[in-house]
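To find a chain, count down the sequence lines: A is the first, B the second, and so on, and within it residues start at 1.
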Amino acid sequence: MTGLLYSEVESALRAELRAMLRQHSDPPARIERADPVDVDLWRRLADMGLAGLLVPEELGGAGASPREAAVVLEELGRAVAPVPYLGCAVVAGTALLSCGEPDLLAGLAAGERPVALAVPFAGPPSGAWSPTVTAAGDRLTGSVRAVADAITAEILLVPAGAGLFAVEARRVRREQCTSLDETRRLCDLSFDGTPGRLLAEGADAETAVRDALLAGAALLASEQVGVAEWCLDTTVEHARGRYQFGRPIGSFQAVKHRLADVWVAVTQARAVARYAASAVAEKSEVEVAAALAQAHCSGVAVEAAEACVQLHGGIGMTWEHPAHLYLKRARSAALAYGAADVHRARLAELVDLPPA
Amino acid sequence: MTGLLYSEVESALRAELRAMLRQHSDPPARIERADPVDVDLWRRLADMGLAGLLVPEELGGAGASPREAAVVLEELGRAVAPVPYLGCAVVAGTALLSCGEPDLLAGLAAGERPVALAVPFAGPPSGAWSPTVTAAGDRLTGSVRAVADAITAEILLVPAGAGLFAVEARRVRREQCTSLDETRRLCDLSFDGTPGRLLAEGADAETAVRDALLAGAALLASEQVGVAEWCLDTTVEHARGRYQFGRPIGSFQAVKHRLADVWVAVTQARAVARYAASAVAEKSEVEVAAALAQAHCSGVAVEAAEACVQLHGGIGMTWEHPAHLYLKRARSAALAYGAADVHRARLAELVDLPPA
Amino acid sequence: MGSPPTTADEARALVEAFLARGDLPTEKTEFLRARFDAGLAWLHYPAGLGGLGASRALQPVADEAFAAAGTPDNEPRRIAVGLGMAAPTLLKHGTAEQRERYLRPLWTGEEVWCQLFSEPGAGSDLAGLACAASKDANGWVITGQKVWTSQAHYARWGILLARTDPDLPKHQGITFFVCDMRAPGVTVRPLRQLTGEAEFNEVFLDEVRLPDAARLGEVGDGWSVARTTLMNERVSIGGDALPREGGAIGLLARTWRDRPELRRPGLHDAVLRAWVRAEAVRLTGLRLRQQLAVGEPGPEGSAVKLAFAGLLQEITGLELELLAEAALRHDEWRQDRGPQPEFPLRTATHRYLRARGSSIEGGTSEILRTIIGERVLGLPAEPRADLAVAWRELPR
Amino acid sequence: MGSPPTTADEARALVEAFLARGDLPTEKTEFLRARFDAGLAWLHYPAGLGGLGASRALQPVADEAFAAAGTPDNEPRRIAVGLGMAAPTLLKHGTAEQRERYLRPLWTGEEVWCQLFSEPGAGSDLAGLACAASKDANGWVITGQKVWTSQAHYARWGILLARTDPDLPKHQGITFFVCDMRAPGVTVRPLRQLTGEAEFNEVFLDEVRLPDAARLGEVGDGWSVARTTLMNERVSIGGDALPREGGAIGLLARTWRDRPELRRPGLHDAVLRAWVRAEAVRLTGLRLRQQLAVGEPGPEGSAVKLAFAGLLQEITGLELELLAEAALRHDEWRQDRGPQPEFPLRTATHRYLRARGSSIEGGTSEILRTIIGERVLGLPAEPRADLAVAWRELPR
């Protein structure tokens with residue numbers, strides 16, 4: 001049976017990463033800057049071998065399993081770290097593995113040439129292949145809106161016509177969006193006869209994109225667990241130390257029981273996210289697991305972030321307190337790769353519970 | 001603007017009825033008997049002029065408004081009184097008013113000849129006209145399942161073929177169901193060439209049945225308010241007097257806040273139910289009001305009854321405590337005249353919020 | 001001024017007679033002063049203080065008559081704290097001099113008021129406040145920090161709670177003041193919210209000197225004075241009477257109706273549930289209003305506030321889900337402090353974020369549930385350890 | 001008996017060796033006694049008491065090997081209270097004589113056990129119990145009333161909490177006994193539930209005499225002994241490992257799948273939400289089981305119990321809505337006390353009604369949230385006034 005626990009290696013990885021993030025990540029300061037992606041932090045992740053976690057060892061990667069990438073995402077979620085890990089290391093990485101692109105994979109693993117898949121962040125895996133870019137030979141024209149983790153990418157993987165193309169990002173017009181989630185800013189891409197290199201065609205291209213988005217949806221659940229966990233821990237801490245009516249507010253049942261409910265929700269989300277990561281690792285039941293993960297964990301992160309704001313009272317409504325970054329991340333992530341109802345509708349097909 | 005308050009006449013009626021019910025109604029004892037309908041109590045209601053509340057004065061009725069019938073239903077709900085008021089005085093009464101049947105109305109008003117509409121209790125007003133009985137001349141054949149308030153009726157109003165017929169109930173085979181709600185037992189009716197008298201045909205018959213069911217759905221909301229209110233009051237009383245951990249349990253926020261939520265829900269349900277009763281009285285926006293009333297008040301009665309069982313703890317799970325009668329009434333009423341989602345779907349049509 | 005009007009027709013007649021006067025000023029402030037002096041400002045206030053001692057129910061009649069005549073109003077939204085909270089408190093607890101001095105410019109909008117109650121350490125437990133007032137020969141010296149003060153940056157006066165005796169139990173050592181917002185030592189700083197804007201302020205009071213005439217009520221009676229203020233806050237939070245689909249639900253319903261490409265089957269029932277819930281809350285508010293009109297103010301106000309907060313949060317969250325890709329974008333995180341567009345004209349992301357505050361401001365939903373449980377349902381209070389102890393001794 | 005098995009293969013080999021013995025009795029009780037005597041009953045129990053001192057994780061291996069061989073089992077559902085609660089308590093707190101006397105017939109099912117803890121006045125606050133035990137020269141005299149006692153009507157023994165000193169604070173004056181259910185003064189009455197059935201009993205104890213040898217643990221130590229019992233109750237409530245759609249959700253899903261005429265658009269997303277939630281709870285239980293297997297028992301057990309109760313209630317309610325007209329009917333309100341069909345074979349109305357108890361029995365959901373908040377999250381306890389006072393003085 002699928003292991004839902006963390007291995008020792010995974011726990012060690014988590015500890016190391018958490019320590020590094022504590023020292024080097026500061027999203028509240030970062031979002032005040034014009035360049036919101038923390039390139040230094042990305043560099044450090046690459047130096048720890050995490051950019052290439054899924055890349056085979058012979059290409060300079062760690063040849064590790066998606067279960068470990070899920071642990072990385074938990075920690076990055078906990079830190080709302082403004083790095084393009086999900087889009088580059090997981091989604092684009094999975095697409096490249098599917099296409100078999102040793103050079104691009106090696107560049108990704110080294111952290112030197114970040115890659116992003118040029119599809120809308122809100123697009124679900126089930127509708128994966130719906131290019132808004134056309135290809136005339138190797139020249140691409142069209143646009144893609146609201147793409148994640150493409151701002152600092154050097155290479156864009158672009159579904160166009162019937163193929164998947166690699167495009168030099170500097171030749172593409174990238175316009176930053178004012179994103180709800182400032183710790184993962186989106187951008188709009190425009191192609192105007194831009195040259196690309198064909199990576200895969202037809203069914204191969206579709207498979208590459210679908211697998212990439214399924215991995216993204218499945219592992220995003222772990223990021224959502226991390227977001228929820230930070231919200232829970234931070235609110236528990238606050239409830240222990242904040243006194244009103246001569247008592248710590250955490251001694252009131254209204255606060256205590258709501259936090260207990262969040263803890264129960266996080267406990268469940270962890271089991272679901274671990275199941276999803278294992279499914280991707282074992283290439284078994286991936287579609288069900290990814291849909292389940294997004295149908296479930298999206299809401300848990302939102303629930304935890306909303307409880308965090310509420311139970312902090314006024315302070316939770318301020319710009320100064322980081323709670324809002326988690327609320328925006330949670331809400332934004334809940335729409336990423338398809339909203340929860342879209343995943344439930346997909347489950348209805350997969351497990352034979354047809355509409356009325 | 002529609003008055004949502006209670007008039008002085010209505011408040012006086014409520015006080016009188018509540019006092020009578022306190023003295024003469026005992027549903028827990030009644031459900032242990034083979035004849036579950038409290039005929040004596042029905043007699044008393046008739047003597048108070050309530051059976052004929054909607055019947056014009058010249059026919060021996062009170063010529064009152066559905067708003068007053070709604071107050072009666074609130075009190076009958078509070079008492080889970082096992083009397084056929086909803087089905088006879090409201091639903092069948094409305095149908096008879098629509099057909100203009102002085103003799104039957106007079107018999108109903110006197111409380112002597114109870115009348116019931118032979119349609120399934122779960123059927124929504126929007127699908128009102130779907131007879132399962134056929135008519136060959138004045139001879140009816142077929143069956144109707146799970147009919148409310150027909151056990152002690154003397155006259156059945158039966159949609160058959162394209163007409164609405166009056167049938168002597170003693171000539172119809174009536175089989176009592178083992179109902180979830182033992183305080184309002186249903187029965188199955190079978191017709192086998194049974195003679196009937198045609199009351200209305202075609203559009204007139206359809207209108208009579210639809211208006212009857214709309215009135216039933218709209219005013220059932222008031223019964224649901226009464227059910228919810230009893231549950232709230234009884235639980236508050238329990239929470240004041242039950243000590244655990246050296247304190248009344250109502251002093252714990254888990255209990256207090258849940259009861260506050262129930263109170264808020266009942267407060268809203270009352271406004272919605274008053275609106276629905278006024279809509280029927282003023283024959284304005286009846287369809288929207290009835291759908292809204294059932295879409296909203298059904299759930300409130302269930303919520304209040306479930307909270308009542310939960311907050312009573314073990315005692316709420318016993319047969320001995322009357323909470324279960326309210327739980328069963330609430331769940332059963334939530335399916336009556338169509339479940340909440342059916343009414344929401346109807347609202348979608350009425351207020352132009354079409355499906356995807 | 002004769003005897004107060006008792007019917008809507010009489011009230012309308014008074015307004016018409018006023019408007020028919022030949023000497024009416026046209027300049028806005030002058031006009032409002034004249035209206036005040038005629039007793040047609042708030043009809044239920046006493047004669048001489050902008051009213052006629054009439055029933056509160058006649059006020060909307062007069063307001064509508066003035067609006068129909070196209071006369072300028074006092075921008076009630078801009079001076080909400082003054083109208084809703086300061087004025088009733090001044091009326092009930094102020095001296096004749098204070099009422100005379102403050103009420104007219106308050107109502108005309110010449111002087112804006114703000115509220116200096118909440119503190120970083122005293123939110124739900126407002127009576128735990130720490131802002132200190134000490135007496136000397138010349139009056140009072142105030143030092144402390146207040147927070148969540150809207151309109152402080154253009155307010156002339158603030159209603160202020162300060163602790164005058166830390167050795168008494170917390171409710172007993174508080175005194176109520178009118179704070180001159182131009183006094184030395186008052187510093188107002190914008191407080192940025194999660195929407196990016198600064199709707200509110202922090203107010204720092206550093207040895208601010210107030211005369212004893214700035215005191216409202218007796219020394220140590222501040223908490224009971226403040227209850228007048230807070231009760232009026234809760235009443236006013238019910239908001240305006242709205243038509244069906246008048247609030248946030250209207251925006252959601254219109255998006256669903258007008259943009260079929262956004263509709264998804266899994267959201268249909270959720271939208272309908274929200275519609276039903278919104279209509280139930282609306283009808284509850286309407287019923288409350290009818291009760292108030294016949295002078296039976298029930299406790300439904302707190303039900304409406306509690307239900308409205310949850311409803312608004314649900315609807316604005318659902319709106320993000322419906323918009324999907326579009327909800328990944330915001331318009332602008334930095335905003336000027338000038339007047340902002342109304343709620344319906346903001347982005348869905350703004351509405352969602354701002355709505356998080358509706359279950360916190362003006363009494364958290366948790367506190368409201370306790371109030372309903374104890375004051376409406378009569379459930380017993382929790383054992384309290386903070387009521388009989390000197391404020392100074394409380395853990396915090 | 002040699003050294004305990006350490007691997008699944010070793011455990012299976014032991015079972016095979018046992019089954020290959022020539023002298024195995026075929027009669028059920030005799031066979032179970034032999035299995036017990038071979039240490040293959042509960043492998044983690046000590047040698048001589050039905051076990052081999054092995055890891056708890058090997059127990060399922062042995063059970064499966066016996067099941068595969070088609071040997072009779074001890075009907076664990078029928079003796080759940082004995083296996084899950086009495087046995088671990090006897091093991092930890094019993095004297096050598098008590099363990100020797102009780103454990104073997106308990107495990108073989110020859111003697112059924114019941115639990116005499118809850119009282120009408122002591123539900124969530126179990127330690128507030130009033131059932132009195134007083135000592136005389138011949139032992140103990142017990143008088144009181146217990147409630148919610150399943151299996152009492154055929155139990156041989158009951159684990160009993162009684163108050164031996166009402167002048168001590170409530171947790172300190174309790175003593176734990178083994179009650180002879182055949183002793184004079186023990187009256188068992190069926191307790192009818194809202195389902196119409198009597199799954200449980202009330203037990204009246206009227207001057208029941210027990211010898212001092214029936215005491216488990218020291219006088220006044222009953223509460224700490226009971227904690228062993230209750231901890232084991234919560235662990236066992238997690239239930240069996242189920243496949244996907246294994247529980248109530250499977251019934252709902254099959255109804256949706258197989259009866260298209262019942263489907264309504266407004267319920268589709270609700271059914272899918274329930275399916276997702278059920279799968280999440282199932283995976284959480286599975287993860288808990290994996291933690292237990294590697295000896296990391298986390299606090300997830302209480303999460304599973306809490307989530308499972310809410311889930312079951314949601315699903316059974318939704319089932320009624322889906323069935324609509326059919327859910328207006330029940331099958332039969334009067335039931336014999338004999339063995340009832342399993343949950344899936346009951347009517348939906350029965351399931352709905354019975355499920356109301358899942359958030360009450362074995363710790364209400366409210367109590368569980370407090371336990372999670374305090375023991376898992378480390379949130380501070382409420383101020384308590386009932387801990388330092390003599391039980392006799394407590395209001396009730």
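Taking all atoms of both residues into account, the shortest heavy-atom contact from A:V262 to A:A304 is CG1-CB, 3.8 Å. Residue A:A116 comes nearest to A:A148 through the heavy atom pair CB-O, 4.2 Å, listed as atom of the first residue, atom of the second, then distance. The two residues C:L306 and C:I372 have their closest heavy-atom pair at CD2-CD1, 3.9 Å. Across all non-hydrogen atoms, the minimal contact from A:A295 to A:A340 is O-CB, 4.0 Å.
For C:A303, the side-chain contact (heavy atoms from CB on, under 4.5 Å) partners are B:W263, B:V264, B:T267, not counting sequence neighbours. Scored by the side-chain contact (heavy atoms from CB on, under 4.5 Å) test, A:A330 finds A:V227, A:A301, A:V302, A:A305 as partners (sequence neighbours excluded). Listed by chain and number, the residues in a ring-ring contact (aromatic ring centres under 6.0 Å, His included) with A:F191 amount to none (sequence neighbours excluded).
Looking at A:I31, only its backbone comes within 4.5 Å of chain C, counting heavy atoms on both sides. When heavy atoms are compared at a cutoff of 4.5 Å, C:L320 approaches chain A by way of both its backbone and its side chain. Contact of A:L311 with chain C is made through the side chain alone, with heavy-atom distances under 4.5 Å. Residue contact with chain A, scored on non-hydrogen atoms closer than 4.5 Å, is absent for C:P265. Within the 4.5 angstrom heavy-atom criterion, atoms from both the backbone and the side chain of A:A146 approach chain C. Interface remark: C:A127 contributes no atoms to any contact with chain A (heavy atom separation under 4.5 Å).
Most heavy-atom pairs under 4.5 Å with chain C, from the set A:V309, A:I249, A:L327: that is A:L327. Looking only at heavy-atom pairs under 4.5 Å with chain A, the residue among C:A327, C:G128, C:A385 that has the most is C:A327. For chain A, the option among C:L394, C:L328, C:L353 with the highest count of heavy-atom pairs below 4.5 Å is C:L328.
Side-chain contact between C:L161 and C:L116: absent, with no pair of heavy atoms (C-beta onward) separated by less than 4.5 Å.
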Every donor-acceptor pair from chain A to chain C under 3.5 Å, please, each on its own line.
residue: A:E32; atom: OE1; partner: C:R334; partner atom: NH1; Å: 3.2
residue: A:E32; atom: OE1; partner: C:R334; partner atom: NH2; Å: 3.0
residue: A:T178; atom: O; partner: C:H330; partner atom: N; Å: 2.8
residue: A:S179; atom: O; partner: C:W333; partner atom: NE1; Å: 3.1
residue: A:L180; atom: N; partner: C:L328; partner atom: O; Å: 2.8
residue: A:D188; atom: OD1; partner: C:R329; partner atom: NH2; Å: 2.6
residue: A:D188; atom: OD2; partner: C:R329; partner atom: NH1; Å: 3.3
residue: A:D188; atom: OD2; partner: C:R329; partner atom: NH2; Å: 3.2
residue: A:R242; atom: NH1; partner: C:P120; partner atom: O; Å: 2.7
residue: A:R242; atom: NH2; partner: C:P120; partner atom: O; Å: 3.3
residue: A:Q244; atom: OE1; partner: C:G123; partner atom: N; Å: 3.0
residue: A:Q244; atom: OE1; partner: C:S124; partner atom: N; Å: 3.1
residue: A:Q244; atom: OE1; partner: C:D125; partner atom: N; Å: 2.8
residue: A:Q244; atom: NE2; partner: C:G121; partner atom: O; Å: 2.8
residue: A:F245; atom: N; partner: C:D125; partner atom: OD2; Å: 2.7
residue: A:E306; atom: OE2; partner: C:Y352; partner atom: OH; Å: 2.5
residue: A:E306; atom: OE2; partner: C:R356; partner atom: NH1; Å: 3.4
residue: A:Q310; atom: OE1; partner: C:S359; partner atom: OG; Å: 2.4
residue: A:Q310; atom: NE2; partner: C:S359; partner atom: O; Å: 3.0
residue: A:Q310; atom: NE2; partner: C:E366; partner atom: OE1; Å: 3.0
residue: A:M317; atom: O; partner: C:L194; partner atom: N; Å: 2.7
residue: A:W319; atom: N; partner: C:R192; partner atom: O; Å: 2.9
residue: A:K328; atom: NZ; partner: C:L194; partner atom: O; Å: 2.8
residue: A:R331; atom: NE; partner: C:Y352; partner atom: OH; Å: 3.0
residue: A:D341; atom: OD1; partner: C:R264; partner atom: NE; Å: 3.4
residue: A:D341; atom: OD1; partner: C:R264; partner atom: NH2; Å: 2.7
residue: A:D341; atom: OD2; partner: C:R264; partner atom: NE; Å: 2.9

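With values rounded to the nearest 0.5 angstrom, A:L73 atom CG is found 6.0 Å from A:L219 atom CG. Atom CD1 of C:I315 and atom CG of C:L252 lie 6.5 Å apart (nearest 0.5 Å).
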